[in-house]
Amino acid sequence: MPGCFKKTLFALASLISFVSFILIVVAMGIPKWMTGKILCKTGADLVNATDPELVKFIGEIYYGLFRGGKIRQCGLGGRRSKFTIFPHMVKKLNTGLHVMIIMFLCVAILFSLVSFGFCILNAIKVPYRAINGPAGACLWNFLAGGFVVLGVTSFMAAVKLHHLTERIANFRENVFRFIILEERFEDCFWICVASATAHAVNLLLIAISGIHFPKIKTKTEEVNVTAEDIMY
């Protein structure tokens, strides 16, 4: 049976793995990965809008991995609309990269559950096989955190290198053209970053569990029996 200290560390690591699993699932389902401000360039150019008048042509956009929405401001008031990435819009994006982001996060969800199981196993007993012990728990936490990092990095590449926000903003816009004034990574993106950090914390906890701390031994006083003591 593992010691109390080791049990506590692995129980905490299992809880962190489960929280990481929940975080990734929530992040994938909420359309708040990116928000931004979009300028209706065509409308502003038509009326030669100056700085004070540009406010009437600045709208908003938000989106996640599967859906989003935007407010179009083209001089005639705001028009709200919602959209889904699949199945139509993904054809206009970098399809391979977008699917890879989702796949990376799905694999991370799987490995988070596996690391949760391994941490529970190590909290209950000492496995006979080394791969089922701390080494295995480290492996699955490393893979889970690594795939989250790959997903987050791929999303950043899609936004910054492949102009994801601009492509989404101009989807099915035949008359007006929108340009991006501002982009902000939102809660769901940072939730995934927190998930990767959680697995890094797990690796630290598992490493600490392998440290053998010296045991403090108390000295027992030696009893000296003399001949006088025997007489009495």
Side-chain angles (χ1 to χ4, degrees), residues 9-38 60-70 83-86 89-90 93-120 134 136-169 180-209:
L9 288 179
F10 275 104
L12 180 59
S14 64
L15 176 62
I16 292 174
S17 292
F18 186 74
V19 169
S20 174
F21 159 74
I22 297 296
L23 290 177
I24 302 173
V25 171
V26 170
M28 290 184 68
I30 299 177
K32 280 288 184 179
W33 280 66
M34 178 68 67
T35 60
K37 293 183 178 180
I38 54 176
E60 298 178 358
I61 188 171
Y62 68 91
Y63 60 90
L65 298 180
F66 299 100
R67 64 187 189 277
K70 65 180 179 180
F83 55 82
T84 56
I85 304 295
F86 294 94
M89 188 177 291
V90 73
L93 311 179
N94 189 322
T95 307
L97 184 57
H98 197 80
V99 172
M100 280 177 60
I101 296 168
I102 297 172
M103 288 182 61
F104 284 149
L105 294 178
C106 288
V107 174
I109 288 173
L110 175 62
F111 286 151
S112 295
L113 287 177
V114 175
S115 66
F116 168 72
F118 268 66
C119 290
I120 288 289
C138 279
L139 173 63
W140 298 117
N141 274 283
F142 176 78
L143 289 175
F147 275 98
V148 175
V149 171
L150 286 174
V152 168
T153 305
S154 299
F155 183 77
M156 292 177 64
V159 172
K160 299 300 181 181
L161 301 180
H162 295 273
H163 311 290
L164 181 61
T165 309
E166 186 174 349
R167 291 182 183 219
I168 292 176
I180 308 305
L181 298 180
E182 181 182 326
E183 289 178 315
R184 295 185 303 276
F185 292 104
E186 288 296 337
D187 297 341
C188 292
F189 175 85
W190 297 113
I191 284 175
C192 284
V193 174
S195 172
T197 306
H199 287 290
V201 171
N202 266 1
L203 291 175
L204 179 61
L205 291 177
I206 296 170
I208 294 174
S209 71

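This is a predicted model, so every value here is computed, not measured.
Residue pairs meeting the salt bridge (charged side-chain N to carboxylate O under 4.0 Å, His left out) criterion with at least one partner in residues 10-23, sequence neighbours excluded, do not occur; the list is empty. Listed by first and then second residue, the salt bridge (charged side-chain N to carboxylate O under 4.0 Å, His left out) pairs that reach into residues 12-28 come to none, sequence neighbours excluded. Pairs engaging residues 190-202 under the salt bridge (charged side-chain N to carboxylate O under 4.0 Å, His left out) rule: none recorded [sequence neighbours left out]. Applying the salt bridge (charged side-chain N to carboxylate O under 4.0 Å, His left out) test to pairs two or more places apart or on separate chains, none has a residue in residues 13-35. Screening residues 96-106 for side-chain hydrogen bond (donor to acceptor under 3.5 Å, both in side chains) gives no qualifying pairs among residues at least two apart or on separate chains. Residues in residues 147-163 take part in these side-chain hydrogen bond (donor to acceptor under 3.5 Å, both in side chains) pairs, two or more places apart or across chains: N94-H162.
In this structure the side chain of S112 reaches within 4.5 angstrom of the side chain of H199, judged on heavy atoms. In this structure, W190 and V193 have side chains that are in contact, with non-hydrogen atoms separated by less than 4.5 Å. With a 4.5 Å cut-off on side-chain heavy atoms, F189 and V152 count as touching. At a threshold of 4.5 Å between non-hydrogen side-chain atoms, the residues L181 and I38 do not count as touching.
Taking a 6.0 Å sphere around CZ of F142, one finds it holds 12 or fewer heavy atoms contributed by other residues, nucleotides or ligands.
No hydrogens or angles considered: a donor-acceptor pair under 3.5 Å links the side chains of T35 and R184. Under the 3.5 Å distance criterion, with hydrogens and angles disregarded, no donor-acceptor pair is assigned to the side chains of N202 and S115. One side chain, Y63 or T165, offers a donor N or O that lies under 3.5 Å from an acceptor on the other.
Considering all non-hydrogen atoms of both residues, W33 and G64 come closest at CD1-CA, 3.7 Å.
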